[in-house]
Structures are given as structure tokens and as C-alpha cells.
Amino acid sequence: MDKLMLIDGNSIIYRAFFAMPPLTNSSGLHTNAVYGFTTMLLRLLEEHKPTHVMVAFDAGKITFRHEGYQEYKGGRQKTPPELSEQFPLLKELLTGLGIAQFELEGYEADDIIGTLTRMADEESRKVLVITGDKDMLQLASEQVQVGLTRKGVTEIELYDPAHIQEKYGLTPLQIIDLKGLMGDASDNIPGIPGVGEKTALKLLHQFGSVEDVLDNTGELKGKMKEKIETHAEDARMSKKLATIYREVPLDKTWESIAWSGLKEETAGPALAKLEFKSLLERLSFSAGGGSGAVPAAAEAEINVVIIKAEMLAELEELMPKVEALHVETYGENPHRASVIGMALTVGDTQYYVPFELLQEKAASPLKDWLGNHEAVKRGYDLHRVDLALHWHGIAFQGAAFDVQLAGYLLDPTDSNQTLTALAAKYQLPSIQPDEEIFGKGAKYKLPAEDVLAAHLARKAQVIAALIPAQEEELERNEMQKLFHELEMPLSRILADMEKQGIKVNTDDLKALGQEFEQQISKLVLEIYSIAGTEFNINSTKQLGEILFDKLGLPVIKKTKTGYSTDAEVLEKLAPYHEIVQHILQYRQLAKLQSTYVEGLLKEISAQTGKVHTYFRQTIAATGRLSSQFPNLQNIPIRLEEGRKIRKVFVPSEEGWSILAADYSQIELRVLAHISDDARLKEAFVHDMDIHTKTASDVFGVPAEAVDSDMRRSAKAVNFGIVYGISDYGLSQNLNITRKEAAKFIDQYFEVFQGVRKYMDDIVQEAKRDGYVTTLLERRRYLPEINASNFNLRSFAERTAMNTPIQGTAADIIKLAMVQMDEALRTHNLRSRMLLQVHDELVFEVPEDELETMKKLVPATMEAALQLSVPLKAEVSYGSNWYEAK
DNA sequence: TCATTCACG
DNA sequence: ACGTACGTGAATGAG
């Protein structure tokens with residue numbers, strides 16, 4: 001059956017432009033948007049194999065929509081010239097790819113697509129519409145699916161009427177009403193002021209359509225009613241503007257958009273002209289064009305040798321030639337993961353070794369190779385591989401290139417760093433998603449051995465092919481040092497720390513749990529008795545009913561599902577009713593009990609009596625680590641009750657100590673360095689109390705005159721500065737008005753002018769380049785920095801301010817870890833690095849090394865990277881983590 | 001699976 | 001006019 005694909009050209013190229021890093025060809029022409037468009041297009045062609053394809057473009061500045069409303073699309077930022085110049089390139093390329101393009105003076109791409117989908121509906125043809133514009137959901141029907149881009153253009157979410165119903169509770173046509181009510185800033189469609197998506201949805205669920213809302217304003221009250229009545233005309237007009245016109249006079253036939261696959265002789269030269277080498281390679285086209293048609297996509301042929309016991313001896317000679325390996329594991333927690341098997345790629349041949357075979361004694365050539373740190377390994381998520389193999393008694397050393405880690409550095413916000421995604425990103429032969437091979441969750445099941453072998457072999461093959469492409473991109477981004485000299489070495493260090501683990505005193509932890517248990521049950525009884533009924537205190541829904549319906553306490557804040565009952569709200573309610581204080585206490589203890597007592601107990605290894613966390617190196621967008629199974633980066637410290645938990649973390653050997661060292665004010669020191677702000681630098685050069693100093697400068701009083709309240713405010717401002725300040729955020733934090741907060745910020749910037757300049761410059765830089773970097777060239781793309789949506793843009797701006805600071809601090813402690821690992825070796829020390837908590841390192845140290853370590857650790861941390869202000873690290877130690885304070 | 005809450009830096 | 005402070009992970013309830 002025919003499958004039609006209709007693409008909203010303007011919408012997609014715009015998205016691609018902002019989602020892709022700048023890219024120019026040798027003649028300086030920008031090509032990033034065309035590249036993004038093309039990769040997406042090729043993927044769609046491969047996935048959906050359409051028989052007809054068409055790309056629609058807007059034509060003419062004035063459309064029929066302007067006739068009734070002059071301001072339509074007014075106030076919109078002019079298309080950047082870097083993008084405008086790419087339209088002709090895209091059109092030429094589409095011609096080369098054999099794809100039809102429509103545009104018609106006075107109409108937008110939406111209208112052309114709307115018309116074609118109407119025709120398709122009438123003729124019962126299946127259509128897929130591709131766009132970045134949510135309004136197009138109004139076209140969805142039994143025949144018509146709408147694919148909306150997500151996260152730039154890398155993901156597409158398919159919508160049919162059922163999915164729209166599920167997500168918004170609306171029919172496709174009600175999408176028009178939605179926009180009529182809420183408007184659309186990017187098209188300058190007004191809607192009703194003060195009505196956003198939430199309110200609009202509520203109104204539509206209640207009434208059904210814009211007209212029904214306007215006819216029934218009597219059922220509304222207050223400000224809402226007033227606003228809707230005043231702006232009734234705006235709503236009617238907005239709805240009209242948002243309605244896609246589906247009667248464009250098109251004299252085209254379906255034949256004119258038929259697509260018969262890529263032809264090398266036209267597609268090759270078109271791609272070559274734009275210098276899209278990776279695409280050419282992936283399609284195995286030559287730049288000059290060649291013979292015959294090539295299918296749009298193909299799963300590569302694979303040549304796998306399944307290794308049997310009798311072949312093991314022959315492998316010894318093969319091992320040095322291995323270009324890439326893939327070890328498949330199963331299980332979220334790598335310390336408890338099983339190992340399925342291993343694939344090796346050597347030239348055009350792949351080898352598959354079932355794990356049972358690898359465990360045999362006869363497999364020692366293989367195991368020796370795996371454990372030999374001089375034999376380089378290139379693979380995917382080698383950190384996990386190392387851990388999984390370790391717990392099965394197999395040593396893994398010599399990781400030289402990890403494509404997952406490289407993928408993370410090249411785009412740390414891309415949460416999908418699977419090989420399937422990486423292969424697609426680099427236009428390599430596609431890898432079937434693991435889910436399709438193994439099934440997911442409880443349905444996980446190993447496929448037949450030949451299927452498994454082929455899947456793993458394909459992975460190994462793709463890893464080998466990814467490496468040169470990633471290496472090149474790393475070089476282009478000046479991230480080679482970051483990757484090879486920091487992140488790769490760190491990956492091994494983390495694995496060592498995790499294998500080592502940290503000892504937990506189980507008895508003490510259980511005893512602590514009993515104490516908590518007693519207090520909790522007492523509180524529960526009191527709460528029931530005050531409430532006059534038993535209910536589940538953990539249920540926010542039931543708690544809300546008790547507090548607000550039964551006891552009639554004032555509603556401070558709502559969530560989208562009901563009443564908010566978070567700590568902030570409860571603090572405000574405390575004066576009204578004695579139950580609230582009890583609930584706060586209950587919450588605190590219940591958290592400690594479930595997460596830290598019970599949660600930790602579950603994670604203690606029966607084998608070692610320790611907890612072995614898993615530090616993830618490819619998650620945080622800023623370059624920080626994260627910690628799982630258990631998370632040891634959020635063990636309580638702020639409140640004494642919780643802090644007691646730290647007493648159960650003890651040295652693993654008799655007579656040893658826990659030693660902890662943390663950076664003092666590392667983020668503000670980093671800010672002083674990168675902003676080059678004279679006053680901030682001065683504060684650190686003289687090692688002053690930074691919050692007091694800030695208060696004294698901002699309030700213009702001598703340091704002695706700074707009282708605790710002034711210092712507290714200054715501290716909040718300093719936090720705000722690091723997070724990318726906003727008056728709203730600061731006002732929330734300090735419980736003051738937005739105006740007062742704005743005044744604070746103003747005063748701060750008056751004094752710290754270098755900081756102000758940094759904040760302005762970094763946002764400009766992000767807008768220009770589409771990304772920000774840390775001191776070590778770690779990079780984070782901010783596709784939304786030029787968004788027309790205020791919230792998205794503001795968020796991106798704050799991120800632009802925060803990421804270089806938080807990210808550079810992460811760079812520094814990572815450097816310190818690599819240097820510390822080296823120092824422990826060169827000094828022949830038995831002390832072990834156990835944990836990293838963002839600005840803190842935790843060690844276990846034998847008695848006779850305490851004096852050495854007390855100096856060595858802070859000295860190494862302070863010397864990790866030379867800044868224009870000194871770094872400071874403070875060290876402490878004791879018989880457990882609590883005492884090391 | 002999503003939303004809410006809360007622990008950390 | 002808009003309505004959030006930056007970055008994480010775990011436990012719980014509800015659908």
C-alpha cells in the first residue's frame with residue numbers, strides 16, 4: 001500500500017538550525033541546518049520506507065492570514081542570515097535526492113500539507129506528516145499520523161488521534177481551540193492574556209471549544225471571567241488564525257510526489273557538493289555518482305564466526321589485531337550484571353564468544369588479553385564491562401576508547417547514547433534496538449545463538465567504525481585532551497573505587513533503623529489521633545484531603561494533580577494546626593528510614609559487607625558524576641538526625657581512618673577566575689569569608705558591621721549568581737518580593753561588574769555559537785537559547801551562565817582524582833580513594849599514612865588546575881564518615 | 001510509567 | 001505577559 005510522507009520544510013529546517021552546532025563547508029557556507037534536515041530525512045526514509053514524499057515550504061511574506069490580522073507573525077525575529085543562505089542549498093539537495101517540493105505564493109507550508117492530508121483522508125491514503133509545529137496535530141485522523149520532532153530533530157514522536165486524546169484529552173480539531181485560547185507568541189497570535197496551556201486545557205475539558213467557552217462565561221468567575229469576556233474577539237480571531245487552510249488550489253497529482261529511492265548518480269554529487277562525507281560514506285555513494293539505484297537503507301551484511309572450544313587456542317595470534325570489542329551485559333547495576341557474551345571485530349570478520357566459553361580454563365588467551373593493560377581495548381561502556389567482568393572473576397584493563405563516553409562528551413545532554421542511536425547519528429549501518437532483540441523488563445530473553453552473535457557482532461563492527469568519526473569530531477571541538485587524558489583515565493579510576501566499595505556497619509545501621517522506627521510509630525499514632533482517622537500519610541492525595549478538606553487549612557500551592565504538601569507549604573501551615581509539625585517530622589524520619597536505612601541495607605554486598613556504588617560518567621549535562629545503587633552522593637548531612645547515617649560508613653580495615661577533603665567555595669572561585677572580576681578575585685586571594693565579604697560590598701558597610709541576616713542574604717545572592725540569577729528565584733529563596741530581589745541583584749552587579757560582564761557575555765556567546773564550554777573545553781549545546789518561548793529561552797540563558805561554572809568545578813575535581821590516583825601510586829601508599837561527592841573526596845587511610853595523606857590530599861586538590869585565584873581544600877578525618885567533618 | 005517529595009552538592 | 005533558581009537519584013503512591 002502507498003505510504004505518503006509530507007514534510008513541513010520551514011519548520012524542520014528551523015529546528016535543525018538551532019539544534020545543530022554551527023557547521024560550514026570549505027567555502028564558508030553554513031550547512032548545519034541542511035545537514036540536520038538531511039540526517040533526519042534519511043532516517044525517516046529508512047524507517048518508514050514511503051512511496052511518496054514531499055517537502056512543503058512557505059512562500060511569500062504576505063499570506064492570506066495577514067488580510068484579517070496585520071500583525072500575524074509580527075515581532076518575530078528575522079531569520080538569521082546563516083539560516084537563510086541554507087534554503088537554496090536544501091532545495092538543491094532535495095532535487096538531487098529525487099524528492100518533490102511544493103510552495104505556493106501566499107500560502108504557508110501548513111496549508112499545503114493540510115490540503116494534501118484532506119485529499120488523502122478522502123481517498124483513504126495513509127499519510128505521515130513531519131513537523132516541529134504542534135498546531136499541525138489538528139490534521140491527525142485515522143489516515144493521518146503527525147510526527148512531531150523532539151529534542152531538536154533527533155527524535156520524532158508519532159501522534160494519532162488516540163495519542164492526542166491521551167496526552168491532552170482533546171480531539172485533533174480541538175488543538176485549534178487550544179491555540180485560540182492560549183495564543184502563540186512565535187506567530188504573534190494573541191489568544192487570551194493570562195491563559196496558558198494549563199488553563200486552556202481546563203477550559204476545553206469543561207466546555208469543548210472556544211465558542212462554547214465564550215457562550216458560557218457565566219459559569220466562570222473572578223479575573224478569569226473578566227479576561228475571557230474582554231478578549232472574546234481575540235480568541236475568535238486567534239482560532240481563525242490557527243486553523244490550517246485545507247483548500248489550497250493545488251493542481252498536482254500524487255504521481256508528482258512519488259519517490260522511488262535514492263539514485264546514486266544524482267544524490268551522490270548533491271551530497272558531495274555540500275561536503276557531507278559521512279552521509280556519502282554511509283550510503284556508500286561516490287561523489288561523482290555511479291551506476292544504478294541503491295536502496296534507501298540496508299542492514300549491513302555480517303560475517304560472524306562463532307567461537308567453539310577447539311578454536312580458542314588459535315585466538316592468541318588474533319587478539320592483537322582486534323579493532324573493537326563488545327561485551328554484552330544484562331542488568332542495570334553493573335556490579336550485579338550478568339555477562340552474555342563478547343564480540344570482536346578484526347577487519348571484515350567478527351568473532352562471537354559465548355560467556356560460558358570465556359569462563360573455561362581453555363579461554364586463557366582471551367582472558368589474558370582482556371586483563372593485559374597494554375593490550376588496548378576499544379568498545380562501548382567499558383566502565384560497565386570492567387565491573388561486570390570483575391565480579392565474574394575476569395580482569396579487564398587497557399580501555400583506550402569508549403564510544404559511549406565519547407558520545408557523551410560530544411553531546412552530554414543526549415540521553416540516548418545507545419549504540420543504536422550512535423550508529424544512526426553517524427549514518428553507520430543500523431543496529432536493531434536491544435529491546436527488539438532481547439525484549440524488555442520481565443520479558444527479557446536471549447534469542448537464538450546465531451541471532452545473538454549477529455547482533456553483538458554488528459555492535460562491535462559499528463564501534464570500530466564510530467571511533468574515527470568521533471575522534472575527528474573530538475579534534476574539531478578541541479576535546480581530545482579532555483577525552484584521552486581526563487575522562488578515559490578517570491573511567492578506570494572510578495571502576496577501581498567502585499570495586500573497592502565502602503564498608504558499612506550493618507549492626508549500627510539496623511540499630512539506627514530501630515530508633516527511627518520507634519519515633520515513626522509514635523508520630524503515626526499522634527497524627528491519626530489528631531486527624532481523627534487513619535490514613536496513608538505517605539499519600540499526598542490522602543494527606544491533602546485531611547489537611548485542606550477535613551481540617552480546612554489554607555491552600556498555599558497546587559500541583560497539577562492536586563494540593564501541594566511539600567515541606568515549603570507545610571512550614572507555612574505549621575502555625576495553623578499542630579498536626580503539621582508532626583507530619584514534617586514524620587516525613588523527615590520516613591525519608592531516613594526508607595531511603596537511607598532500608599535502602600542502604602538492601603545494597604550491602606553479602607560478599608564484601610560493603611556498598612559498591614556505581615558512578616555514572618555519562619549522565620550529568622554539566623560534566624559532574626552521578627552515583628547509583630546506592631547513591632552515595634546524597635547521604636544526609638544538613639540535619640543532625642540524618643547526619644547520624646554517616647556513622648555507619650567505616651574503614652574496611654582495622655585501625656584505619658576515613659579521611660575526607662572538600663573544596664572550599666570552588667564554584668565561586670571558578671567564577672572569580674572566568675569572570676576576572678577584580679573584587680571577587682581579591683576576596684579569594686585574601687581568603688576572606690566570601691558571603692560576609694559580599695554582604696559588606698553590596699551593603700557598603702565594613703565587614704564587622706555585617707550581621708547574620710545580611711550575610712544570609714548575600715549567601716543566597718551568591719548561590720543565585722552561580723545558578724544563573726533571576727529576581728524570581730532569589731525572591732523565592734529569601735522569601736522577599738521580586739522587586740526587593742531585583743534590587744539586591746542590581747546592587748550586586750554594581751559592585752561586581754566583572755561578574756555582570758561575564759553573565760552578559762556568556763549568554764551572547766551561547767546565542768552566537770549555540771553552546772557554552774568549560775575551562776577544559778567540555779561543551780554543552782543550548783538549542784533553546786534563541787527560542788521565542790520566554791521560558792525555554794530564559795532556562796537556556798541561566799544554563800549558559802551556570803554550566804561553565806559547575807562544569808569547570810567538575811573538570812577540576814576530576815583532574816584532582818586522576819592526579820591523586822597517580823600520587824597514591826608514586827608514593828606507594830595503601831590508602832584508597834573511595835568516593836567523590838562533587839566537591840569532596842573520601843578516602844580510607846591506614847594509621848601510618850595519616851600524616852602523609854593529611855597533606856597530600858589537599859595539596860593535590862589545590863594544585864589540580866592553576867587559576868587566577870587559589871583553590872582551597874579542607875581536610876578532616878575520623879573513625880567513620882560522620883567523624884570526618 | 002509518571003508525579004511528588006526530599007536527600008545531596 | 002511569561003512564572004524558574006543549577007545539577008542529580010530513590011522511594012512512594014496512583015493510574
Side-chain angles (χ1 to χ4, degrees), chain A residues 182-183 185 190-198 227 412-413 441 536-544 557 559-570 584 587-588 590-600 602-603 613-616 619-639 641-643 645-646 662-663 665-667 716-717 719-734 738 741 745 780 788-807 809-810 813 835-840:
Chain A
M182 63 186 274
I192 295 174
V195 173
E197 181 171 306
K198 271 191 198 161
K227 268 195 235 156
T413 51
N536 186 343
I537 311 172
N538 290 326
S539 159
T540 47
K541 191 161 167 263
Q542 292 181 36
L543 179 61
K557 196 165 64 173
T559 67
K560 59 178 152 183
T561 52
Y563 305 119
S564 172
T565 66
D566 64 22
E568 204 189 310
V569 168
L570 294 183
L584 278 164
R587 280 251 176 100
Q588 193 200 333
K591 176 84 176 182
L592 294 174
Q593 184 73 316
S594 67
T595 305
Y596 297 103
V597 176
E598 288 162 8
L600 214 48
K602 273 184 243 162
E603 295 292 344
T613 191
Y614 171 45
F615 286 111
R616 300 197 64 180
I619 298 296
T622 53
R624 277 189 174 185
L625 300 176
S626 83
S627 157
Q628 276 184 317
F629 317 128
N631 181 353
L632 293 183
Q633 291 183 320
N634 71 346
I635 302 301
I637 189 166
R638 292 173 189 169
L639 300 173
E641 294 91 322
R643 194 172 193 157
I645 299 280
R646 293 187 172 227
D662 66 313
Y663 280 113
Q665 301 299 347
I666 188 168
E667 292 188 335
V717 173
F719 265 94
I721 291 293
V722 169
Y723 291 157
I725 195 128
S726 74
D727 48 12
Y728 182 83
L730 183 65
S731 73
Q732 290 295 300
N733 194 286
L734 281 178
R738 221 179 54 194
I745 294 168
R780 177 173 181 178
S788 54
N789 178 308
F790 174 88
N791 279 327
L792 291 179
R793 190 176 62 245
S794 304
F795 192 11
E797 288 171 357
R798 292 194 301 275
T799 309
M801 301 184 231
N802 169 267
T803 295
I805 302 172
Q806 193 183 118
I813 194 163
L835 298 176
Q836 187 250 48
V837 193
H838 309 308
D839 65 354
E840 174 187 16

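Note on naming: letters A, B, ... go to the chains in the order of the sequence lines (proteins, then strands), and numbering restarts at 1 for each one. What you see is a predicted model; the values in this text were computed from it and never measured.
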Which part of the nucleic acid, if any, lies within reach of [X] when heavy atoms closer than 4.0 Å are counted: base, sugar-phosphate only, or nothing?
{"X": "A:A621", "result": "sugar-phosphate"}
{"X": "A:N536", "result": "sugar-phosphate"}
{"X": "A:A741", "result": "nothing"}
{"X": "A:S794", "result": "nothing"}
{"X": "A:Y728", "result": "base"}
{"X": "A:G724", "result": "nothing"}

Answer yes or no: is there a donor N or O on one side and an acceptor on the other, between the side chain of [X] and the main chain of [Y], under 3.5 Å?
{"X": "A:S627", "Y": "A:L632", "answer": "yes"}
{"X": "A:Q542", "Y": "A:I537", "answer": "no"}
{"X": "A:T613", "Y": "A:Q628", "answer": "yes"}
{"X": "A:R646", "Y": "A:I635", "answer": "yes"}

Spacing between [X] atom [atom1] and [N] atom [atom2], to the nearest angstrom:
{"X": "A:R798", "N": "C:dC2", "atom1": "CZ", "atom2": "P", "value": "17 Å"}
{"X": "A:Q542", "N": "C:dT12", "atom1": "CD", "atom2": "P", "value": "15 Å"}
{"X": "A:I537", "N": "C:dA11", "atom1": "CD1", "atom2": "C1'", "value": "16 Å"}
{"X": "A:R738", "N": "C:dA5", "atom1": "CZ", "atom2": "P", "value": "15 Å"}
{"X": "A:L792", "N": "C:dG3", "atom1": "CG", "atom2": "C1'", "value": "13 Å"}
{"X": "A:I725", "N": "C:dG3", "atom1": "CD1", "atom2": "P", "value": "21 Å"}
{"X": "A:Q628", "N": "C:dA10", "atom1": "CD", "atom2": "C1'", "value": "10 Å"}

query = What does nucleotides 3-9 of chain B look like as a protein-contact string, B for base, S for sugar-phosphate only, - for none, at under 4.0 angstrom between heavy atoms?
reply = SSSBBBB

Shortest non-hydrogen contact from [X] toward [Y]:
{"X": "A:L592", "Y": "A:G642", "result": "CD2-CA, 3.6 Å"}
{"X": "A:P630", "Y": "A:L600", "result": "CG-CD1, 3.8 Å"}
{"X": "A:L543", "Y": "A:R587", "result": "CD2-NH2, 3.5 Å"}
{"X": "A:A809", "Y": "A:E667", "result": "CB-CG, 4.1 Å"}

State which of [options] makes the closest approach to the side chain of [X].
{"X": "A:T595", "options": "C:dG7, C:dA10, C:dT12", "value": "C:dA10"}
{"X": "A:N791", "options": "C:dA5, C:dG7, C:dC2", "value": "C:dC2"}
{"X": "A:F629", "options": "C:dA5, C:dA10, C:dA14", "value": "C:dA10"}

In whole Å, what separates the [atom1] atom of [N] from that of [M]?
{"N": "C:dT4", "M": "B:dA3", "atom1": "P", "answer": "15 Å"}
{"N": "B:dA7", "M": "C:dG3", "atom1": "P", "answer": "28 Å"}
{"N": "C:dA5", "M": "B:dC2", "atom1": "C1'", "answer": "24 Å"}

request  = May I ask which nucleotide in the shown strands pairs with C:dA11, Watson-Crick or G-U wobble, both distances under 3.5 Å?
outcome  =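 Across all strands, the one nucleotide that pairs with C:dA11 is B:dT4.
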
request  = Working to the nearest 0.5 Å, report the span between OG1 of A:T413 and CZ of A:R780.
outcome  =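 The distance works out to 6.5 Å.
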
request  = Look at the side chain of A:R780 and the base of C:dG7, then say whether one donor and one acceptor between them are separated by less than 3.5 Å.
outcome  = no

key: First encountered from the 5' end of DNA chain C, between A:I192 and A:F719   =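 The residue whose closest nucleotide sits nearer the 5' end is A:I192.
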
message = Does a side-chain N or O of A:N538 approach OP1 or OP2 of C:dG13 to a distance below 4.0 Å, or not?
response =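 So the side chain of A:N538 is within the cut-off, an N or O lying under 4.0 Å from OP1 or OP2 of C:dG13.
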
ask   = For C:dA10, does either OP1 or OP2 sit under 4.0 Å from a side-chain N or O belonging to A:S594?
value =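 Negative; the distance criterion is not met.
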
